[in-house]
Peer 1: 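So that we are looking at the same thing, I have put the structure below in structure tokens.
Every chain is numbered from 1, with letters handed out A, B, ... down the list of sequences.
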Amino acid sequence: MSDRINVRSLLEQKGQLADDVVAIKANGTIIDLHSFVDPTTTFELVRKTDKDGLQVIRHSTAHVMADAVQRLFPGTKVTIGPAIEDGFYYDFDKPGGGFTEEDLAKIEKTIREIVKSNTPFRREVVTRDQALALFEKMGETFKVEIIKSIPEGEEISLYKHGTHEKSQNYDKDWVDVCEGPHVPRTSNLGAVKLTSVAGAYWRGDERNPMLQRIYGTAFATQEALDEHLKLIEEAKARDHRKLGKELELFIFDPVAPAMPFFLPRGAFLYNALVQYMREMYAIDGYDEVITPQAFDPKLFRTSGHLGNYNENMYRLWTEDLLEELTAKDKDGNEKSTAEFIKRLQDNSFAIKPMNCPSHCVIFGSRRRSYRELPWRMADFGRLHRYERGGVVHGLSRVRTFCQDDAHIFCTREQVAGEIEKFMKLFYRVYKAFGFEKIDVKLATRPEKRVGSDEFWDMAESALQKGLESAGLTFEILPGEGAFYGPKIEFHVQDALKRSWQLGTMQYDPNLPERFELDYVGEDGKEHRPVMLHRAIFGSLERFISVYIEHCGGNFPAWIAPMQAKLLTVSDKSEAYGRDVLARLKARSFRVEGNFSGDKLGAKIRDARTARHPYMIVIGEKDAEAGTVSVRSRDKGELGAMPFDQFSAMLAEESKLPL
RNA sequence: GCCGCGAUAGCUCAGCGGUAGAGCAGUGCUUUCGUAAAGCACAGGUCGUCGGUUCAAGCCCGACUCGCGGCUCCA
């Protein structure tokens, strides 16, 4: 083996050193110009405009930002600052509260100064003790903790920048313990924008102190940065909360925090999803049930939710119950508050946060035969979960919602077939709605769990095989399964690339156990069924939120709350317009007329912003010829056509995408 | 729940100690018009709630409620 060589020298020898080369990629690893490699290594160049190069730029910018922050806010401690999708962040422990918007502007200015100083990044490999001594001396307690958690035997490197090589005195360099890679010089950076400040827990644990996180982004050029910022602005225009208001789909009111009021058009969307799913259920053999909203707490004691899920449940009380619970005992003593609370918790009804326990009640309501299995029990019941204040978000995370919920009771042998059937249905539905980017995850056994290792091996491999036979690539989330079983999660991103879990499939042997559910098998003996929890939309509310953002409020005709707007050119064509409108309504199309005195241009503009699939312009020429002039939202001007032609076209587009 | 920020007319926002503003939407009148905004007029607000500072509070301070960006947690 030959002697290792500095990457910069290697590139120089090969004549491949260029201003925009920030690193090389060898065996899938990004290695910066400061590192040493085997000179015979095969590699490709990483330029600052490449995806990998951007990561390097962003990581280096995070360092420069931390440097700027420590210059401006002495006493602030650094923690970590990685590159992330679309940018970077750095977490600080800042005495005396967080950063303000003005602080961000100052920090950005200082970053630019550091960039302009055009100083080199330098990499130094040190021993664990040297690193510890250095950061302890600096008082960087979080860094000391990080160094201590680096596995024994792993190389520890420092990255420094800030001093020009001419000065020869690197004492004032800003230093961070870091794996790298980093750009050669600060002048490789520059197109930087600090986007927001936020709180974040040290090491992601809410028991730890909260740090101040600054988010930013960086690009190879100012043009690329501007383009990115423009895209974000455009994405914000698709925010479902904004469109929900503009298109009059739903509202929120402080009288019911985080619980949506669906307006007529939003209610139409909601009902259309239910109707669509019912069609799917008819094809795939699901039976829909309707179950109560509030339950004796015994039910949730049996299911195990009481105790584990208390903080998320809404409870009910009645005057009768309060009287009963506050009644003096037979010796005339009043109950203590603690006792009253205990009795209230034990006795007050609970609003259901999920449907599964009710379905177990139905399954157990009489003797079941193996001939009834698999039994796919669907429920569009309304659920309530008390979510902590900071987590609610438009329709995506609410306190009352409806899942397209179903539980499949089946034998162990039937599990594989049911998973396969579900996967097919799932992808059929998402295709119908035009979703292509779906992140599939398999959440496996958590530390706190019930059931034997054999069970978990079996259940995890059943789900995994289901995903594999469906030909899906998926990510494994170790330890993130439910306490009772593993789950498959389907995630979709909103307009701002926040990921939301929609569909799920979960393997649950626990509830049948707790509810002592049995069926009589072919052998005449009792057997315990397996229960699969599954949802395709996840929750209608959340699905609607991502779907609104996915289509930007441009709903296809089959699900558009208003399919067409009829616009008259002037009063002269009102009679014919009303006739056409009545004929369309008679065919059950969702249409509305605009017979106001506005000019056609204004009517068109209104209808455009309302995003209806069609506009039907009615003027005197149409009245004479008996035509309608059609303008499609998606295809533009279609010109005059006979009524029947338009009607047939809209009828075709109104069909459910089966 | 935690960190930070915010709340003024139905909507979008300006005003930041000294008599509540604009555009759009709404209503009325005029206009009768062929593919992205006709004109005029009128009407709309205890400036989120409660308390404090001040001669004087949308404006300053505090608490609460609701919301926004994150974190943690979740469909």
Peer 1: By the rule that syn is within 90° of 0, classify the base conformation of B:rG58 as syn or anti.
Peer 2: syn
Peer 1: Tell which nucleotide pairs with B:rA63, taking only Watson-Crick or G-U wobble pairs whose two distances are both under 3.5 angstrom.
Peer 2: B:rU49
Peer 1: With both distances under 3.5 angstrom, what nucleotide forms a Watson-Crick or G-U wobble pair with B:rG58?
Peer 2: none
Peer 1: Taking the six-membered ring of A:Phe295 (Phe, Tyr or Trp), confirm whether the NZ or CZ of A:Lys352 is under 6.0 Å from its centre and within 45° of its axis.
Peer 2: no
Peer 1: Looking at A:Lys77 and A:Glu140, is there a salt bridge between them, counting it only when a charged N and a carboxylate O are closer than 4.0 Å?
Peer 2: no
Peer 1: Which glycosidic conformation, syn or anti, is assigned to B:rG21 if syn requires a torsion within 90° of zero?
Peer 2: anti
Peer 1: Ignoring hydrogens and geometry, is there a side-chain-to-backbone donor-acceptor pair from A:His240 to A:Leu395 under 3.5 Å?
Peer 2: yes
Peer 1: Measure from CD on A:Glu102 to C1' on B:rG4 and round the result to the nearest Å.
Peer 2: 12 Å
Peer 1: Which residues pass the side-chain hydrogen bond (donor to acceptor under 3.5 Å, both in side chains) test with A:His63, not counting sequence neighbours?
Peer 2: A:His182
Peer 1: Could you tell me the Watson-Crick or G-U partner of B:rC42, where both distances fall under 3.5 Å? Say none if there is no partner.
Peer 2: B:rG26
Peer 1: Going by purine N1 to pyrimidine N3 plus the second Watson-Crick contact, or the G-U wobble pair, all under 3.5 Å, which nucleotide sits opposite B:rU31?
Peer 2: none
Peer 1: Taking atom P of B:rA25 as reference, at what distance in whole Å does atom CG of A:Asp606 sit?
Peer 2: 7 Å
Peer 1: Between B:rC55 and B:rC11, how far apart are the P atoms? Round to whole Å, please.
Peer 2: 37 Å
Peer 1: What does the B/S/- profile of nucleotides 68-75 of chain B look like, 5' to 3', with a 4.0 Å heavy-atom cutoff to protein?
Peer 2: SBBBBBBB
Peer 1: Rounded to whole angstroms, how far apart are CD on A:Glu248 and P on B:rC24?
Peer 2: 19 Å
Peer 1: Could you give the distance separating B:rA36 and B:rG28 at their P atoms, to the nearest angstrom?
Peer 2: 27 Å
Peer 1: Would you mind checking if A:Arg611 and A:Glu248 are paired as a salt bridge, meaning a charged N to carboxylate O distance below 4.0 Å?
Peer 2: no
Peer 1: One character per nucleotide, please: for nucleotides 30-36 of chain B, 5' to 3', B when the base has a protein heavy atom closer than 4.0 Å, S when only the sugar-phosphate does, - otherwise.
Peer 2: --BBBBB
Peer 1: Ignoring hydrogens and angles, tell me if any N or O in the side chain of A:Asp93 forms a donor-acceptor pair with the backbone of A:Thr76 under 3.5 Å.
Peer 2: no
Peer 1: Quickly work out the A:Asp93 CG to B:rG4 P distance and round it to whole Å.
Peer 2: 13 Å
Peer 1: With a 3.5 angstrom cut-off on both distances, give the Watson-Crick or G-U wobble partner of B:rC71, or none if there isn't one.
Peer 2: B:rG1
Peer 1: Quick one: do the A:Thr568 and A:Lys603 side chains pair a donor with an acceptor below 3.5 Å?
Peer 2: yes
Peer 1: B:rC5 P sits how many Å from A:Asp103 CG, rounded?
Peer 2: 10 Å
Peer 1: Using modelled atom types and a 3.5 Å cut-off, is there a donor and acceptor pairing between side-chain atoms of A:Thr100 and backbone atoms of A:Asp103?
Peer 2: yes
Peer 1: Distance-only, no hydrogens or angles: does the A:Arg213 side chain make a donor-acceptor pair with backbone N or O of A:Ala198 under 3.5 Å?
Peer 2: no
